[in-house]
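Worksheet: one structure, shown below.
In what follows, residues are counted from 1 in the order of the sequence shown.
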Amino acid sequence: MAHSARPGPCRLCGLVQGTCFVTTRPLRFAFGHISRRLWAGGFNYQRNLFAALDRFLPGEFTPVVFAGTGADANELAELAAVPSVEVVRSEAFDGQPGLAAALGLGLDSGAAAAFRTARIDVVVEAARFFGWRLAIPAVAWIPDLQHRSLPQLFPTAARWRREIGFRVQIASGRSIMLSSESAFRDFRAYYPHARSRVSVVRFATQPPAAFLNTDPSDVIATHNLPQNYFYLPNQFYRHKNHQLVVDALTILKRRGVDVVVCASGSTEDRREPGYYDLVNSEIKNRGLEAHFRHLGVIPLPHVYALLRASTALLNPSRFEGWSTTVEEAKSFGVPMILSDIDVHREQTSGAARYFGVDDPDALADHLMQASQEARGLVVRNVVPHQDERVRAFAASFADAVRQTVRRDTRVLPQDERGS
């Protein structure tokens with residue numbers, strides 16, 4: 001779904017005027033590597049996007065992942081295993097060495113040179129700005145505007161770094177790609193004068209078949225879990241609201257109700273390094289070690305196995321751009337117990353149990369009721385209509401990228417640009 005403040009030229013007009021991208025080979029787009037360790041949802045977004053494009057639009061796109069020289073080799077290998085994906089390692093992507101030049105001089109020359117060498121047609125900027133003088137069309141992917149909605153969770157420098165980054169992308173005329181209608185409403189509220197073309201590209205996931213061969217019973221036994229458990233696969237960021245779950249489990253313990261929440265995910269938060277330790281100390285102080293089990297970072301086949309066999313997915317987050325965990329639960333038809341935020345309502349169309357982000361009593365009630373309704377181990381498979389959601393995801397991303405190329409009058413096929 002696209003929202004535009006100024007309509008671009010139609011394809012026929014673009015062809016006549018010579019301003020439209022015309023090439024019969026796959027469109028090559030650049031996407032910076034997102035570390036699974038730092039943002040598992042972002043890494044999964046990339047992997048699912050590339051797989052969806054290959055499956056539903058074969059031969060039309062070549063994703064080129066640009067990574068630093070120290071990037072995790074296993075993560076890059078997993079991305080490169082998707083047909084048509086290419087990986088480029090470059091010192092220009094060791095951190096953001098060209099950011100100052102991009103802001104001050106208008107061009108991250110190191111990144112631009114890497115793009116030229118790889119014959120890139122369009123760049124997807126994810127948490128990075130390459131400069132307003134970049135001679136390649138660029139679409140800025142803004143997963144969420146959390147720093148505006150929950151500014152108290154960001155150190156001042158980090159909040160302003162994000163804000164300045166978004167503002168320079170808007171001022172540079174970038175096309176903007178958002179992940180939800182909720183994010184689109186936030187964007188228009190926070191940047192009412194932006195004239196950027198805005199596309200809403202809703203993420204959908206197609207679980208890889210290779211990840212579904214692991215027997216959930218074996219994984220449950222490996223982690224010493226009961227047959228009935230609630231699964232919370234969120235990294236330990238403060239906005240993910242794990243503390244509310246601890247409070248709800250405390251209420252259930254007082255009621256004499258035995259409920260187990262199994263959590264997985266990284267404990268690393270660069271914004272607040274000690275947050276996991278604070279939550280963990282609360283778990284120990286309240287005697288909840290048997291009720292809140294944190295498994296750490298586990299293999300993706302284990303993640304899918306635990307999700308498929310869980311009593312329900314639990315996501316208490318205060319803020320989401322578009323929840324990867326909710327999408328994965330939807331792909332298997334797993335029941336969901338979710339915080340009552342706009343994007344969760346948008347993702348599930350009301351088909352979940354909801355609770356307020358500051359209401360541990362409501363969450364405790366939902367956990368107790370769902371636990372009482374559970375009837376032993378149930379292992380779910382991919383729902384029949386999942387293909388259509390993934391097809392729509394691929395199509396909307398493709399449209400956003402193609403529209404970005406078409407509206408940029410500087411664009412010629414790489415073969416005609418020279419070096």
Side-chain angles (χ1 to χ4, degrees), residues 37-41 146 150-155 158 219-298 302-303 306-307 309-320 323 325 335-341 344 353-372 374:
R37 178 177 60 84
L38 298 179
W39 184 23
Q146 183 191 151
L150 298 174
Q152 70 275 16
L153 300 186
F154 288 78
V219 178
I220 290 170
T222 296
H223 297 293
N224 194 29
L225 294 170
Q227 283 194 344
N228 293 326
Y229 60 89
F230 298 91
Y231 190 33
L232 172 52
N234 283 354
Q235 290 182 260
F236 269 81
Y237 298 149
R238 184 176 288 274
H239 78 274
K240 294 295 187 180
N241 209 16
H242 292 80
Q243 182 61 51
L244 187 77
V245 179
V246 176
D247 294 340
L249 290 174
T250 302
I251 293 169
L252 291 174
K253 183 180 179 182
R254 287 201 298 264
R255 295 179 185 175
V257 178
D258 186 17
V259 165
V260 172
V261 171
C262 166
S264 67
S266 172
T267 62
E268 184 175 346
D269 185 353
R270 290 178 294 179
R271 294 179 300 185
E272 192 174 358
Y275 176 64
Y276 171 75
D277 293 333
L278 288 174
V279 175
N280 200 39
S281 65
E282 284 294 306
I283 292 169
K284 292 178 179 179
N285 291 339
R286 302 183 191 189
L288 296 173
E289 293 94 333
H291 302 280
F292 192 106
R293 317 271 189 90
H294 182 236
L295 309 181
V297 178
I298 60 177
H302 284 209
V303 171
L306 291 176
L307 177 61
S310 63
T311 300
L313 171 82
L314 174 58
N315 190 341
S317 184
R318 292 179 178 276
F319 192 92
E320 295 284 343
S323 173
T325 61
M336 292 172 279
I337 303 175
L338 309 175
S339 55
D340 196 1
I341 56 178
H344 279 165
R353 302 175 193 245
Y354 305 95
F355 57 91
V357 295
D358 294 307
D359 192 347
D361 290 288
L363 174 55
D365 289 342
H366 285 314
L367 292 173
M368 182 175 69
Q369 292 164 9
S371 181
Q372 292 170 344

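When all heavy atoms of Ile337 and His366 are compared, the pair lying nearest together is CG2-CB, 3.9 Å. Taking every heavy atom of both residues into account, Pro316 and Lys240 meet most closely at CG-O, 3.2 Å. Here the closest non-hydrogen pair linking Ser371 and Phe230 is N-CZ, 3.8 Å. Annotation for Leu252 and Ala364: closest pair CD2-O, 3.5 Å, computed over non-hydrogen atoms. Pairing each heavy atom of His239 with each of Phe319, the nearest pair is CD2-O, 3.4 Å. Between Leu249 and Leu288, the closest heavy-atom pair is O-CD2, 4.0 Å.
In this structure, His294 has its ring center no closer than 6.0 Å to that of His242.
In this structure a side-chain-to-backbone donor-acceptor pair under 3.5 Å is missing from Arg37 to Glu268. Looking at Asn315, its side chain never comes within 3.5 Å of a backbone N or O of Ser323 through a donor-acceptor pair. A donor-acceptor pair is defined here as one N or O able to donate and one able to accept, closer than 3.5 Å; such a pair exists between the side chain of Ser339 and the backbone of Ser317. In this structure, the side chain of Ser310 engages the main chain of Leu307 through a donor-acceptor pair within 3.5 Å. Formation of a donor-acceptor pair under 3.5 Å by the Asp359 side chain with backbone atoms of Phe355 is not found in this model.
For the atom pair CD1 (Ile220) and CG (Asn228), the distance works out to 9.0 Å, reported to the nearest 0.5 Å. For the atom pair OG1 of Thr267 and CG of Asn280, the computed distance is 9.5 Å after rounding to the nearest 0.5 Å. Here the CG atom belonging to Leu367 is positioned 10.0 Å from the OG1 atom belonging to Thr311, to the nearest 0.5 angstrom. Taking CD1 of Ile251 as the start and NZ of Lys253 as the end, the distance is 13.5 Å to the nearest 0.5 Å. Between Tyr275 atom OH and Leu153 atom CG the span is 9.5 Å, to the nearest 0.5 Å. Between Glu320 atom CD and Thr325 atom OG1 the span is 6.0 Å, to the nearest 0.5 Å.
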### Task
Show your working on side-chain contact (heavy atoms from CB on, under 4.5 Å) between Tyr276 and Ser266 and close with a plain yes or no.
CA-CA 9 Å; Tyr276 171 75; Ser266 172; over 6 Å; no
### Stepwise side-chain contact (heavy atoms from CB on, under 4.5 Å) check, Arg286 with Asp247
CA-CA 9 Å; Arg286 302 183 191 189; Asp247 294 340; 2.7 Å; yes
### Query
So Leu278 and Arg238, side-chain contact (heavy atoms from CB on, under 4.5 Å) or not? Walk me through it.
CA-CA 10 Å; Leu278 288 174; Arg238 184 176 288 274; 4.1 Å; yes
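In this view, Val303 and Tyr231, Ile298, Leu300 satisfy the side-chain contact (heavy atoms from CB on, under 4.5 Å) rule, not counting sequence neighbours. Shown here are the salt bridge (charged side-chain N to carboxylate O under 4.0 Å, His left out) partners of Asp277, two or more places apart in sequence or in another chain: there are none.
Residues His223 and Arg293 are not in side-chain contact: their nearest non-hydrogen atoms beyond the backbone lie 4.5 Å or more apart. Residues His291 and Val245 have side chains not in contact (no heavy-atom distance under 4.5 Å, counting atoms from C-beta outward). Within the 4.5 Å cutoff, the side chain of Leu363 has heavy atoms near those of the Leu314 side chain.
The side-chain contact (heavy atoms from CB on, under 4.5 Å) with Arg318 is formed by just one residue from the set Leu244, Asp358, Ile341; it is Asp358.
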